[in-house]
Participant: 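Mind looking over this structure? Questions follow.
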Protein chains: 2
Amino acid sequence: MKPKTQDQSVSYTSGSDSDSTLRYRTQHLLRTAILDGDYSAGEKLKERELCELTGASRSILREALVNLEVHGLIVRESYRGYSVAELSARKISEIFELRSLLETQAAELFTERASDLEIDALSLAMKELEQCLVDEDFNLQRMRQTKEQYYHVLFSGCRNEEIRRALGSIIDRVLYLRAKKMVEPSRRKASLDEFRKLTKALIERDQFAARAASIAHLQAAREALLMSLAEQQANTC
Amino acid sequence: MKPKTQDQSVSYTSGSDSDSTLRYRTQHLLRTAILDGDYSAGEKLKERELCELTGASRSILREALVNLEVHGLIVRESYRGYSVAELSARKISEIFELRSLLETQAAELFTERASDLEIDALSLAMKELEQCLVDEDFNLQRMRQTKEQYYHVLFSGCRNEEIRRALGSIIDRVLYLRAKKMVEPSRRKASLDEFRKLTKALIERDQFAARAASIAHLQAAREALLMSLAEQQANTC
DNA sequence: TTGACTTTTTTTGTATACAAAAAGTAAAAT
DNA sequence: ATTTTACTTTTTGTATACAAAAAAAGTCAA
């Protein structure tokens with residue numbers, strides 16, 4: 001496990017929304033740690049260590065772990081504990097199949113249902129996103145938070161808590177993937193372009209263009225991910 | 001809470017698949033209790049009672065509750081405990097919006113990807129479903145198990161664990177709704193017809209017809225649910 | 001009777017303790 | 001040297017204990 005820094009993300013997290021019980025804070029802490037790549041895929045999560053890390057007792061910790069488990073971020077094996085979920089090429093394909101379905105729909109719904117306030121918020125989130133990429137020192141954690149914020153606005157704007165929830169789990173894992181692999185600058189530039197197109201369509205409430213931009217973005221992201229995964233596996237072997 | 005009987009359903013449940021730790025069994029027990037309508041919507045779930053009911057200790061029980069919470073079957077309020085999730089008309093609409101998106105896609109994928117074995121399984125599940133409705137004494141629990149089985153086969157056949165997972169949570173809540181409201185015989189008959197059409201299309205791997213049947217079924221189900229909800233509320237007031 | 005206030009009880013939030021399974025380790029036998 | 005096996009340590013599965021918050025029940029004055 002790698003070093004850590006602070007996190008102030010507003011997180012649209014997983015499960016019962018922000019209350020400040022210890023369980024919730026613990027769960028949030030673990031989630032961000034995983035999303036920021038502090039653990040490698042497949043790494044075992046020992047309860048003892050996590051207790052020390054978070055300062056929570058085992059009862060609390062385990063409740064938090066159950067939450068992350070249902071969200072698919074970690075997996076449990078009987079009498080063998082938890083470990084960070086591994087994402088095979090197949091799993092990534094499945095995730096993208098579902099994500100495409102949902103996110104495209106979400107984009108479409110956003111153009112229909114988002115309030116003007118939310119349009120502004122999206123515009124702002126887009127500016128932040130641009131900032132992130134323009135700035136010299138590329139900060140992965142900041143990037144993650146910014147993307148999270150963007151998606152938060154997008155998903156909220158489509159006025160369907162259920163879709164938001166389902167997409168939440170999915171996006172978490174996509175963000176996790178990004179933390180681990182694919183940070184090639186070339187893709188970063190292209191990705192930004194796609195986001196620009198999508199945002200423009202969303203702001204103009206152009207349903208057709210939004211759907212198209214969403215599809216294009218998803219397809220490109222999926223290909224890039226699978227490509228870098230293949231590359232990575234080639235290097236390992 | 002009402003009396004209970006046995007349950008042997010194979011359940012494609014929620015979260016880490018069938019292992020036989022106490023936590024899993026507890027979670028399964030609670031889930032079926034809720035799905036079979038043993039608790040009324042909004043009813044408070046006192047941990048003490050549930051401990052006695054399930055025989056598990058609080059640690060285990062609470063872990064099970066966290067699972068059900070993430071699946072949206074129950075809701076938690078700080079320092080006020082859990083209660084069965086209430087499903088407003090709005091919530092039902094949201095659920096159906098997501099469900100339509102996923103289930104229609106699932107039906108389509110099934111026609112493409114299901115193995116011949118799975119086609120047979122679906123055919124069998126359909127026969128069971130017919131049996132359920134033909135038999136004199138209508139048994140709600142059996143109906144729930146049978147539907148669950150049908151959906152299990154359908155979702156498995158579309159070869160996407162992620163879609164299956166997302167649909168799982170959704171269907172659970174739909175089954176819960178059915179347990180509570182809408183059991184009008186008229187709708188039952190119509191529903192069976194819709195299932196027949198859908199099944200036929202799926203078995204024949206007719207993608208277009210499957211999608212159409214799925215859409216038709218979902219729309220009818222949604223309308224019936226909202227209708228009976230409105231009726232129910234009218235009676236209450 | 002009602003309504004504010006206090007006390008008691010219940011219920012949840014959190015921490016710790018004990019038991020059982022798995023993993024790791026070192027000595028004995030081949 | 002290698003394998004086996006007994007033993008120790010670690011880790012998870014499960015149960016219980018204590019503290020804090022909320023709900024319920026009384027109490028007393030107007």
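Just so we're on the same page: letters track the sequence lines, and every chain starts at 1. Computed from a predicted model, the values in this text were never measured in an experiment.
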Participant: Can we say B:Glu94 and A:Arg164 salt-bridge, meaning some charged N sits less than 4.0 Å from an Asp/Glu carboxylate O?
Facilitator: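 Salt bridge: no.
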Participant: Under 6.0 Å from the CZ atom of A:Arg48, do we count more than 12 heavy atoms belonging to anything else shown?
Facilitator: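 It does not: A:Arg48 CZ has 12 such atoms or fewer within range.
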Participant: Between A:His152, A:Gln145, A:Arg144, which is the residue that forms a side chain to side chain donor-acceptor pair (under 3.5 Å) with A:Glu148?
Facilitator: A:Arg144
Participant: Using a strict 4.0 Å threshold on nitrogen-to-oxygen distance, state whether B:Glu161 and A:Lys91 make a salt bridge.
Facilitator: no
Participant: Check this for me: does any side-chain nitrogen of one of A:Arg58 and A:Glu63 sit under 4.0 Å from a carboxylate oxygen of the other?
Facilitator: no
Participant: Base contacts versus sugar-phosphate-only contacts with protein, heavy atoms under 4.0 Å: please encode nucleotides 6-13 of chain D as B, S and - from 5' to 3'.
Facilitator: -----SBB
